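Counting begins at 1 with the first residue of the sequence. Just so you know, these numbers come straight off a predicted model, no measurement behind them.
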Amino acid sequence: MRLALISTAAVLALGGCASVSPAPERAARAWVTTGDKAQLLAEQPPPASLAAGEGDDLPVVTVDVAARDQSIVGFGASITDASAWLIQTRMSASQRQALLSELFGRGEGGLGFSFTRVTIGASDFSLDHYSLDDAPGGAADPELAHFSTARPEQYVFPTVRAALKINPDLKVMASPWSAPAWMKTTGSLVKGQLKPDAYPVYAEFFARYVKAAKAQGVPTDYLSIQNEPDFEPENYPGMRWPAADRARFFGDNLGPVFARERIGTKVLDWDHNWDQPQQPMTVLADAKARAFVAGVGWHCYAGDVTAQDEVRKAHPDKDVFFTECSGGQWAAKFDESFLWMMDKLIVGSTRGGARGVLMWNLALDEKYGPHAGGCGDCRGVVTIDQATGAVERNQEYYAFGHASRFVRPGAVRVGSPAEAAGLRTVAFVNPDGGRALIVLNQTGEEKVFAIVDGARRLKARLPARSAGTFTW
């Protein structure tokens with residue numbers, strides 16, 4: 001029996017979607033990664049064309065280019081202090097160039113990462129704890145006389161500049177883990193909240209950062225004001241910041257300062273887990289904050305990806321970004337973690353409106369560091385051996401490569417079935433009109449199916465427990 005699966009038209013159109021170009025005549029191609037690692041982003045024999053009447057017994061994945069949704073900024077990972085230090089100090093110049101070209105470039109074999117995130121001050125993946133305004137003796141510095149980007153200028157900014165040279169489409173997000181200690185109730189980078197009287201100077205601090213980074217050749221396309229604002233880590237920088245107080249800061253402090261300084265950076269709220277959609281909903285219920293906040297960032301560590309749609313449906317004019325998830329040795333099996341990332345981050349998050357999707361560390365070493373507190377068994381997208389500079393590509397590399405290599409900045413997500421005969425799908429049309437369909441087979445058997453795009457019909461197959469990207 002023929003299984004007809006036609007995607008429904010998208011309800012929302014976010015992110016200034018461009019019109020979809022007609023499909024150019026081009027050969028169909030396919031790449032597959034299997035959970036057993038027998039194939040890793042390996043190109044397959046091209047999907048065969050189906051004539052009228054052929055393949056009527058196959059399950060059908062219909063790509064509906066008229067059902068347009070969000071435009072895509074990109075996929076990538078964070079250039080943390082740890083990642084940048086490894087790339088800049090533990091690799092030779094030729095190794096460094098080769099790796100950055102592979103991760104950010106669009107040449108043969110390049111992943112084409114076009115979205116990254118940097119930290120404003122230290123995170124747990126720094127060599128030590130610091131902020132960008134540490135006055136001698138921990139003194140208060142309301143004039144920001146001791147503000148300095150000297151630390152990111154060492155390793156992070158040079159790495160971002162090198163990535164931008166390879167891929168000028170790269171967009172950069174910045175997030176702090178903590179305000180400077182003297183602004184906080186604890187007087188420490190660890191734990192605490194922002195003092196009410198520090199709100200005005202902290203807004204000036206953000207403006208100073210955006211301008212200083214720009215002067216160093218590093219744009220701040222997107223900004224969140226606090227990484228994980230409902231979490232106070234025990235042994236690395238963090239800061240709790242309730243939703244109502246964030247709304248007040250957006251409306252009364254940061255918005256006016258950015259307007260005065262003519263800063264066009266887009267500001268995101270939340271930057272935390274799927275389990276508390278009420279937090280960004282509270283911020284966006286505030287009229288002054290809502291007028292300033294461009295969208296919401298999400299993390300993967302609690303809750304479910306469906307929370308993205310809950311907030312998006314309530315605020316369809318706000319962008320959705322997925323801004324952090326880390327793989328780690330708690331999920332060491334390649335097949336299990338690869339399939340989970342494909343399901344939740346690549347398919348689920350983009351189907352939930354995400355314009356950009358980020359993993360956490362771009363690179364870590366063979367001991368899951370360096371780090372100063374926090375996670376002791378997190379994986380990077382790649383692992384760099386400190387002694388040799390050799391690179392190991394992890395499951396995160398292959399999961400994100402199935403999207404970043406084929407879905408270009410400015411692509412539009414279009415209609416495809418959320419599920420079809422045991423397959424999960426998400427589809428895009430690139431700015432040049434080319435199609436990219438990502439299909440996930442989490443079952444224990446090979447799937448053979450038809451891809452239908454208007455008059456074009458293709459026969460495709462996916463091995464058990466694998467993901468594939470199909471282009472035409």
### Task
Apply the test side-chain contact (heavy atoms from CB on, under 4.5 Å) to residues Leu284 and Val296: give CA-CA distance (whole Å), side-chain angles for both, the deciding distance (0.1 Å), then the verdict.
CA-CA 9 Å; Leu284 294 173; Val296 177; 4.0 Å; yes
### Derivation and outcome, side-chain contact (heavy atoms from CB on, under 4.5 Å), residues Val156 and Val160
CA-CA 6 Å; Val156 172; Val160 175; 4.3 Å; yes
### Message
side-chain contact (heavy atoms from CB on, under 4.5 Å) for Leu362 and Val382? Distances and angles first, verdict last.
### Response
CA-CA 6 Å; Leu362 183 69; Val382 297; 5.6 Å; no
#### Entry: Intermediate values then yes/no, side-chain hydrogen bond (donor to acceptor under 3.5 Å, both in side chains), Tyr301 and Glu228
CA-CA 11 Å; Tyr301 307 112; Glu228 300 188 344; 5.3 Å; no
### Message
With side-chain hydrogen bond (donor to acceptor under 3.5 Å, both in side chains) as the criterion, how do Gln442 and Arg465 come out once you've worked through the C-alpha distance, each side chain's angles and the decisive distance to 0.1 Å?
### Response
CA-CA 5 Å; Gln442 300 179 85; Arg465 296 181 67 75; over 6 Å; no
### Message
Tyr397 vs Glu102, test: side-chain hydrogen bond (donor to acceptor under 3.5 Å, both in side chains). Steps then yes/no.
### Response
CA-CA 11 Å; Tyr397 175 101; Glu102 180 180 345; 2.5 Å; yes
### Query
What's the verdict on side-chain contact (heavy atoms from CB on, under 4.5 Å) for Val118 and Val172, showing C-alpha distance, side-chain angles and the deciding distance?
CA-CA 7 Å; Val118 299; Val172 181; 4.3 Å; yes
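Between Phe206 and the options Val257, Leu254, Val267, a side chain to side chain contact (heavy atoms under 4.5 Å, CB included) holds for only Leu254.
Between Asp365 and Arg90 there is no salt bridge, since no side-chain nitrogen of the basic residue lies less than 4.0 Å from a carboxylate oxygen of the acidic one. Electrostatic pairing of Asp432 and Arg408 does not count as a salt bridge here, judged by no charged N lying under 4.0 Å from a carboxylate O.
A heavy-atom distance below 4.5 Å is found between the side chains of Met91 and Ile384. Between Arg96 and Leu100, the closest side-chain pair of non-hydrogen atoms falls below 4.5 Å. Counting only heavy atoms from C-beta outward, the side chains of Thr469 and Thr471 approach each other to under 4.5 Å. Considering only heavy atoms from C-beta on, Val412 stays 4.5 Å or farther from Val65 through its side chain. Side-chain contact between Val414 and Val63: present, with at least one pair of heavy atoms (C-beta onward) separated by less than 4.5 Å. Annotation: side chain of Asp197 is not in contact with side chain of Tyr199 (no heavy-atom distance under 4.5 Å). Under the 4.5 Å side-chain criterion, counting only non-hydrogen atoms from C-beta, Leu437 is in contact with Thr425. When side chains are defined from C-beta on, Met239 does not count as touching Glu232, because their heavy atoms never get closer than 4.5 Å.
Between the Lys318 side chain and the Arg290 main chain, a donor and an acceptor come within less than 3.5 Å of each other. The closest donor-acceptor contact from the side chain of Trp270 to the backbone of Asn273 lies under 3.5 Å. Side chain of Asp134 to main chain of Ser131: a donor-acceptor pair is present (N/O by atom type, distance under 3.5 Å, no hydrogens or angles). Side-chain N or O atoms of Thr265 include one that pairs as donor or acceptor with a backbone N or O of Thr220 at under 3.5 Å. In terms of modelled atom types and a separation under 3.5 Å, the side chain of Ser224 and the main chain of Asp271 share no donor-acceptor contact. Formation of a donor-acceptor pair under 3.5 Å by the Ser349 side chain with backbone atoms of Lys344 is not found in this model. Checking side-chain atoms of Arg413 against main-chain N and O of Thr350 turns up a donor-acceptor pair under 3.5 Å. The closest donor-acceptor contact from the side chain of Asp269 to the backbone of Val283 lies at 3.5 Å or more, if one exists at all. Side-chain atoms of His272 never come within 3.5 Å of backbone atoms of His299 as a donor-acceptor pair (strictly under, hydrogens ignored). Distance alone, capped at 3.5 Å, is enough to place a donor-acceptor pair between the Ser83 side chain and the Ala363 backbone.
Counting only N and O atoms by type, the side chains of Ser175 and Arg117 include a donor and acceptor under 3.5 Å apart. There is a side-chain donor-acceptor pair under 3.5 Å between Thr383 and Asn394. Side-chain atoms of Asp230 and Gln276 form a donor-acceptor pair, as typed in the model, at a separation below 3.5 Å. Side-chain atoms of Arg355 and Gln70 form no donor-acceptor pair, as typed in the model, at a separation below 3.5 Å. Judged by distance alone, the side chains of Arg351 and Gln308 never bring a donor and an acceptor atom under 3.5 Å apart. Side-chain atoms of Ser114 and Asn167 form no donor-acceptor pair, as typed in the model, at a separation below 3.5 Å. Inspection of the Ser78 and Glu324 side chains reveals no N or O donor paired with an N or O acceptor under 3.5 Å. In this model, no donor atom of one side chain and acceptor atom of the other lie less than 3.5 Å apart for Gln193 and Arg240.
Taking CZ of Phe125 as the start and OG1 of Thr80 as the end, the distance is 7.5 Å to the nearest 0.5 Å. Rounded to the nearest 0.5 Å, atoms CZ (Arg424) and OG (Ser416) are 9.5 Å apart. The structure places CZ of Arg248 at 7.0 Å from CG of Asn253, a figure rounded to the nearest 0.5 Å. Taken from CG in Asp385 to CG in Leu86, the straight-line distance is 10.0 Å, to the nearest 0.5 Å. Here CZ of Phe322 is found 11.0 Å from CH2 of Trp298. Values are rounded to the nearest 0.5 Å. Atom CG of Asp245 and atom CD of Gln226 lie 12.5 Å apart (nearest 0.5 Å).
Between Tyr222 and Phe321, a ring centre-to-centre spacing shorter than 6.0 Å is recorded. With ring centers used as reference points, Phe406 lies under 6.0 Å from Trp31. The ring of Phe231 has its center no closer than 6.0 angstrom to the ring center of Trp241. In summary, the aromatic rings of Phe147 and Phe205 are positioned with their centroids under 6.0 Å apart.
Classification of the Phe75-Phe400 ring pair by plane angle, with boundaries at 30° and 60°, yields perpendicular. In this structure, Phe249 and Tyr202 have tilted ring planes: the angle between them lies in the 30° to 60° band. Ring-plane geometry between Phe113 and Phe104 is classed as perpendicular, the angle between the planes exceeding 60 degrees on a 0 to 90 degree scale with a lower cut at 30.
The nearest pair of heavy atoms linking Leu111 to Gly401 is CD2-CA, 3.9 Å. The two atoms that bring Asp133 and Pro180 nearest to each other are O-CB, 3.7 Å, heavy atoms only. When all heavy atoms are compared, the tightest approach of Gly327 to Met359 is N-CE, 3.6 Å. The two residues His129 and Ala122 come nearest to each other via the heavy atoms CA-CB, 3.9 Å. Smallest separation of non-hydrogen atoms from Leu170 and Asp221: O-OD2, 4.2 Å. Of all the heavy atoms in Leu364 and Arg379, the pair that sits closest is CD1-C, 3.8 Å.
More than 12 heavy atoms of other shown residues, nucleotides or ligands fall within 6.0 angstrom of atom OH in Tyr130.
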